[in-house]
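Shown next, in structure tokens, is the structure this report addresses.
The figures here come from the full heavy-atom set of this structure, side chains too, leaving out hydrogens, waters and symmetry mates. Residue numbers start at 1 and run along the sequence shown. From a predicted model like this one, the values you see are computed outputs, not experimental measurements.
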Amino acid sequence: MKRTQLMQEFKEQFNYEAERVFFSPGRINLIGEHTDYNGGKVFPCAITMGTYGVVKKRKDNEIHAVSGNFLNIGKITFNMADLSFKKEDNWTNYLKGMIKYIQEKVGALPHGFDVYIYGTIPNGASLSSSASLELLTGIIVKEIYDLNISQLELVKLGMRTENEFLGLNSGILDQFAVGMAKKGHAMLLDTNTLVYEQVPVDLPNHKIIIMNSMTRRELVDSEYNIRRQQCDLALKQLQKVTDVKLLGELSVEAFEKYKHIIEDDVLMRRARHAVYENERTERAAEVLKAGDLDQFGKYMNASHISLDEDYEVTIKGTDFLARTAWEQAGVVGARMTGGGFGGCCIAIVLNEEVDKFIDKMKGKYKDEIGHDAEFYIAETAKGAGEWETYE
């Protein structure tokens, strides 16, 4: 997107010139899925697909918001004195949650603002459009009011918005990746301690391809919450014989020793995924640092199998994309990414095979699933900030 185009679109909606432009990236998770709320490791990076915000301060206490992606909804207006969740306020509830919790931290904000939002993340693609919008709101509020609030605090408030305001019991992976990312790097993050390491993603001979199943994530909120409840139940049973507070604290060896304590097979498999995926993520980051891309790909493939068979968050489309990608020339590894129940997969593909890979995958997917998939080449980005810093 061009800054001039975004400024013009703001003017068309509000009939005057905007002041500032901000950008917040989306994210892919290279490995480490459904480990964040279990206190385990994740390995995400931010991508250049994301969410733009064009802003001008108002003199009153209102916020007027328009999305270029949902122009049919029109302008949504709310007062900062009433930031309660309202279904009719649609996508702006993400803004309301962030502003509500920021004001709890710093006190009442002096005035409202007009904002035009435009996102380049496909809706429902599991590339974290919600966290992108949350962190975009946070950085806008921080900068236009010159607040003394850290990026990490905004990340935590983004997760709080997701958990408490919107009712999705997700972990901190998405917000942390969107807020704290470094271009050209992925983050090995311990979601229990929030200690993280920026690991270079140096792939001169390969590209990361995002494969969008074009199947919108359905039932994801309820199913996501069920998976978390199942992990909590498995943990409670394991705590009869071990004093761990989170599944992420268990080694594979300890899990294998005590897994018989978990009486229900479904709960055992949910816990097995969390424990094994955590170890896979640690090992995957190490082999990537060592330059062993082939072994990294094997960990990606194993991750997908676990997400399909033990955690059961794939659908026919995403499982077909990953498993069919494994059979193609030049593919190092492939897996679903994100919460599941639709959305995207990623594959690491040799540069000279990328075009053939995409062509073949498009045909095979259409033949098997009955509708088109979309493919994008992922480029890494840094965390949410003012647009000038991206130019």
Atom NZ of residue position K289 - does it have more than 12 heavy atoms of other residues, nucleotides or ligands inside 6.0 Å? yes

Could you give the distance from CD1 (I348) to CG (L30), rounded to the nearest 0.5 Å? 6.5 Å

Any idea which heavy atoms bring A347 and M211 closest together, and the distance? CB-CE, 4.0 Å

Using 30° and 60° as the class limits, which term best fits the ring planes of Y276 and F255: parallel, tilted or perpendicular? perpendicular

Tell me whether the rings of H304 and W326 are parallel (<30°), tilted (30 to 60°) or perpendicular (>60°). perpendicular

Contacts under 3.5 angstrom, residues 102-117 side chains, donor-acceptor by atom type, not counting sequence neighbours:
unit_1, atom_1, unit_2, atom_2, d
Q103, OE1, L109, N, 3.0
E104, OE1, R160, NH1, 3.1
E104, OE1, R160, NH2, 3.2
K105, NZ, E153, OE2, 3.4
H111, ND1, R58, O, 3.4
D114, OD1, R58, NH1, 2.8
D114, OD2, Y16, OH, 2.2
D114, OD2, R58, NH1, 3.3
Y116, OH, E9, OE1, 2.7

For R280 and S303, which I'm curious about, is there any donor-acceptor pair between the side chains at under 3.5 Å? no

Which class fits the ring pair Y52 and W387: parallel under 30°, tilted 30 to 60°, perpendicular over 60°? perpendicular

Can you confirm whether more than 12 heavy atoms, excluding those of D82, are under 6.0 Å from its CG atom? yes

Q198 versus M187: any side-chain heavy-atom pair under 4.5 Å? yes

For N148, does the CG atom have more than 12 heavy-atom neighbours from other residues, nucleotides or ligands under 6.0 Å away? no

For the residue pair Y299 and F43, is the inter-centroid distance of their aromatic rings smaller than 6.0 Å? no

Modelled atom types, side-chain donor and acceptor of S251 and E279, under 3.5 Å: no

I'd like to know if R283 pairs up with E286 as an ion pair, taking the criterion as any Lys NZ or Arg NE/NH1/NH2 lying under 4.0 Å from an Asp or Glu carboxylate oxygen. no

Does either side chain, that of D36 or that of T191, offer a donor lying less than 3.5 Å from an acceptor on the other one? no

Would you please classify the geometry between the F165 ring and the F85 ring as parallel, tilted or perpendicular, with 30° and 60° separating the classes? perpendicular

Got a second to check how far Q13's CD is from S67's OG, nearest 0.5 Å? 9.5 Å

Answer yes or no: is there an ion pair linking R227 with E33, defined by an N-O contact shorter than 4.0 Å? no

Does a salt bridge link K100 with E164, judged by any charged N lying under 4.0 Å from a carboxylate O? no

Does the side chain of T215 come within less than 4.5 Å of H371's, by heavy atoms? yes

Between R270 and E312, is there a salt bridge with N-O shorter than 4.0 Å? yes

Checking N212 against Y376: is there a side-chain donor and acceptor pair closer than 3.5 Å? yes

Crowded around K56 NZ? As in, over 12 foreign heavy atoms under 6.0 Å? yes

